[in-house]
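Only a predicted model underlies this, so the values are computations on that prediction, with no experimental measurement involved.
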Amino acid sequence: MAKIAFILLCHKDPEAIILQAQRLTAAGDYIAIHFDARAKREHFDLIKEALEDNPNVAFSRKRIKCGWGAWSLVQATLYAVEAAVDSFPRATHFYMLSGDCMPIKTADYVHDYLDDNDVDFIESFDYFESDWIKTGMKEERLIYRHFFNERTQKWRFYAAFNFQKKFGLAREIPADIQVQIGSQWWCLRRQTMEAVLEFTRKRKDVMRFFRTTWIPDETFFQTIVRHLIPEAEIRTRTLTFLMFTDYGMPLTFYNDHYDLLLNQDFLFARKISPEALELKERLGNLFAASGVRFQISGEGPSLFRFLTGRGRIGRRFASRFWETESAFGRNRELKIIVCKKWHVAKRLLASVEKHTDLPSMAYLFNEESSPLPDLGGIQATLAKRTRHRRALMRMLFDYYDTDQMVICLDPSSLDLIYDFYGDRSGTRMLEIQCDFSDDYLIGHANRIGLVGAQTPKETLESLLPTIRQDIVHESDKIRDGNFEHHYRLREKDDYEAHVVALTGFLKSSEEKAGKVAKVTHLFAD
């Protein structure tokens, strides 16, 4: 009978990871865990202590810091695979999972399915001939070397890319390799997994190539398995059920999706909402059950199209959920920097990025050119961003796979501030209160089209008090909102006061807040 070694990459929610491991191993299977080195050490210690007496659990011998789109995700997977291969000699299959995955069949059904299908399950489509990549870079992912993480080091990522492109520094793909692409959620037989590991030891040239490709978790295993294993022994599909919205982001499943999930021709599903506690409990109980019969209808994609056309009410039949979704997620927190002088907020934001791991975006609701990832078009214009504000933020949280995020808003965006504070997630605000010289106010009036180059001096002088009062009024309206976790960083205050404000806003140590506060010429015009 098939015995599965699950390969789990995770970085948060230790209690859920412990429960997931206990459920999967209770059926006689195994699990090898790589817990991201970026995560809190105490969380890893909690997992290790809870599972160390379970003989069916193994941990990667080395923990590394992982970044989306980077080689580190593949390397972390290889570390977990090596631990599983060495620790579980009776494992017949190796199944890649995330912390958001749950079984949607019984353990008996899963084992019988793998016994009846002696093949490898992995999406592997021709990289250049298929349309798997819909937008953005394609060939450039491979022929240029990517040394920096696009999400955390965006400027360096694109600077290095543009430099190579300008000077013709493209490289060749290894001649005997036909690059494939597909989902990272695979299930491979033991002989295949051992062959892949042997390949990584022998083909240093291929390893060097993939180490500097972009998003290699969508290409590395997909390419190597197709290179090593006969086509007749590969099913180009995943056994993990996942769907995408028409914005190209993974669909999240909630409590009322239980029946839909069970009817799909898949063994696991992602992404299960962290808030869907009832769904998780029912699916966990299902995996341990016996004698359950499944009526496979496979209507998931077509039903999803119906739901998105007709809408869902609550968790069923209302308007499109990405337009009305009421929460970013209960455990998430949005940090908002509010400042009239955008360059001041951007300087502070750069310091936050430098000294913390928090994803951050500048004036994404105020500035059309604010750099954002491709989210299927919802980010394309200010009008779309504002209209789908909560959906956009939830998608950004999902895109960066984070529970905390920092954005900047202009004080005039009071409706956005109220809306975000009305969400069920946590919200914190840092209001930067600047001094405004007459020259700055004149420049501001020019930028918003209130005055022009030919406006008489007398008119300017009469307008300045009104403009200044308008800015003060915006700050007063924010104060009148009585928002929780509202911190103020005033230009007139000293460094120690700035540290106090940043400590509260970031929920960080004074030491880290002190590093963030050391911004050269923060308030200079």
Side-chain angles (χ1 to χ4, degrees), residues 333-356 358-372 382 385-386 389 393 396 404-421 427-448 450 464 467-495 497-508 513 515-525:
E333 185 171 75
L334 180 64
K335 302 178 188 294
I336 305 172
I337 297 176
V338 177
C339 184
K340 199 66 179 179
K341 291 186 176 180
W342 292 6
H343 62 281
V344 173
K346 289 178 180 180
R347 286 173 189 158
L348 184 65
L349 193 69
S351 186
V352 171
E353 291 176 339
K354 180 179 179 181
H355 297 292
T356 74
L358 299 176
S360 58
M361 278 136 285
Y363 288 86
L364 69 166
F365 293 103
N366 305 108
E367 193 172 30
E368 193 89 61
S369 60
S370 183
L372 292 172
L382 282 177
R385 296 176 203 170
T386 304
R389 60 191 69 170
M393 295 311 304
L396 286 169
Q404 296 185 74
M405 188 181 303
V406 187
I407 67 170
C408 297
L409 288 179
D410 189 90
S412 63
S413 303
L414 190 62
D415 59 330
L416 290 172
I417 297 173
Y418 270 108
D419 194 29
F420 291 147
Y421 262 94
T427 308
R428 305 177 90 80
M429 177 166 53
L430 178 69
E431 183 186 0
I432 304 179
Q433 295 183 340
C434 304
D435 298 332
F436 298 96
S437 66
D438 287 351
D439 287 341
Y440 175 84
L441 293 178
I442 292 171
H444 173 68
N446 270 282
R447 286 190 293 274
I448 64 175
L450 190 60
L464 287 181
I467 298 172
R468 191 183 301 277
Q469 183 56 40
D470 187 56
I471 292 174
V472 171
H473 182 58
E474 289 178 347
S475 181
D476 287 343
K477 286 194 292 185
I478 292 174
R479 184 188 297 262
D480 291 342
N482 294 317
F483 298 108
E484 289 186 334
H485 308 302
H486 177 189
Y487 302 89
R488 294 177 181 85
L489 194 155
R490 302 175 178 88
E491 182 172 353
K492 64 182 180 181
D493 290 341
D494 58 17
Y495 169 77
H498 291 175
V499 172
V500 171
L502 285 166
T503 300
F505 174 65
L506 296 172
K507 286 201 305 187
S508 69
K515 293 178 180 178
V516 173
K518 289 181 179 178
V519 182
T520 305
H521 307 305
L522 174 61
F523 291 98
D525 288 337

At their closest point, which heavy atom of D419 faces which heavy atom of R389, and how far apart are they? OD2-CD, 2.6 Å
Partner set under salt bridge (Lys or Arg N to Asp or Glu O under 4.0 Å) for K518, not counting sequence neighbours: none
Sequence neighbours excluded, the answer for ring pair (Phe, Tyr, Trp, His ring centres under 6.0 Å) partners of Y421 is F483
The side-chain contact (heavy atoms from CB on, under 4.5 Å) partners of D493 (sequence neighbours excluded) come to R490, A497, H498
Any chance you could measure H485, atom NE2, to L430, atom CG, to the nearest 0.5 Å? 14.0 Å
Apply side-chain hydrogen bond (donor to acceptor under 3.5 Å, both in side chains) to D435 and list each qualifying residue two or more places apart in sequence or on a separate chain. none
Report the residues that fulfil side-chain hydrogen bond (donor to acceptor under 3.5 Å, both in side chains) with K340, sequence neighbours left out, ordered by chain and then residue number. D410, E474
Partner set under salt bridge (Lys or Arg N to Asp or Glu O under 4.0 Å) for R488, not counting sequence neighbours: E431
To the nearest 0.5 Å, what is the distance between CG (L358) and NZ (K507)? 10.5 Å
Partners meeting salt bridge (Lys or Arg N to Asp or Glu O under 4.0 Å) with E368 (sequence neighbours left out): none
Among all residues two or more places apart in sequence or in another chain, which pass the side-chain contact (heavy atoms from CB on, under 4.5 Å) test with K341? C339, H343, V344, C434, F436, Y440, D525
For R385, enumerate each residue passing the salt bridge (Lys or Arg N to Asp or Glu O under 4.0 Å) test, keeping only those at least two apart in sequence or located in another chain. none
Partners meeting side-chain hydrogen bond (donor to acceptor under 3.5 Å, both in side chains) with Y363 (sequence neighbours left out): none
If you count every heavy atom of other residues, nucleotides or ligands that lies below 6.0 Å from K346 atom NZ, does the total exceed 12? yes
Residue pairs passing the salt bridge (Lys or Arg N to Asp or Glu O under 4.0 Å) test with at least one member in residues 476-486, sequence neighbours excluded, are none
In chain order, what residues pass the side-chain hydrogen bond (donor to acceptor under 3.5 Å, both in side chains) check against S413, with sequence neighbours excluded? N366
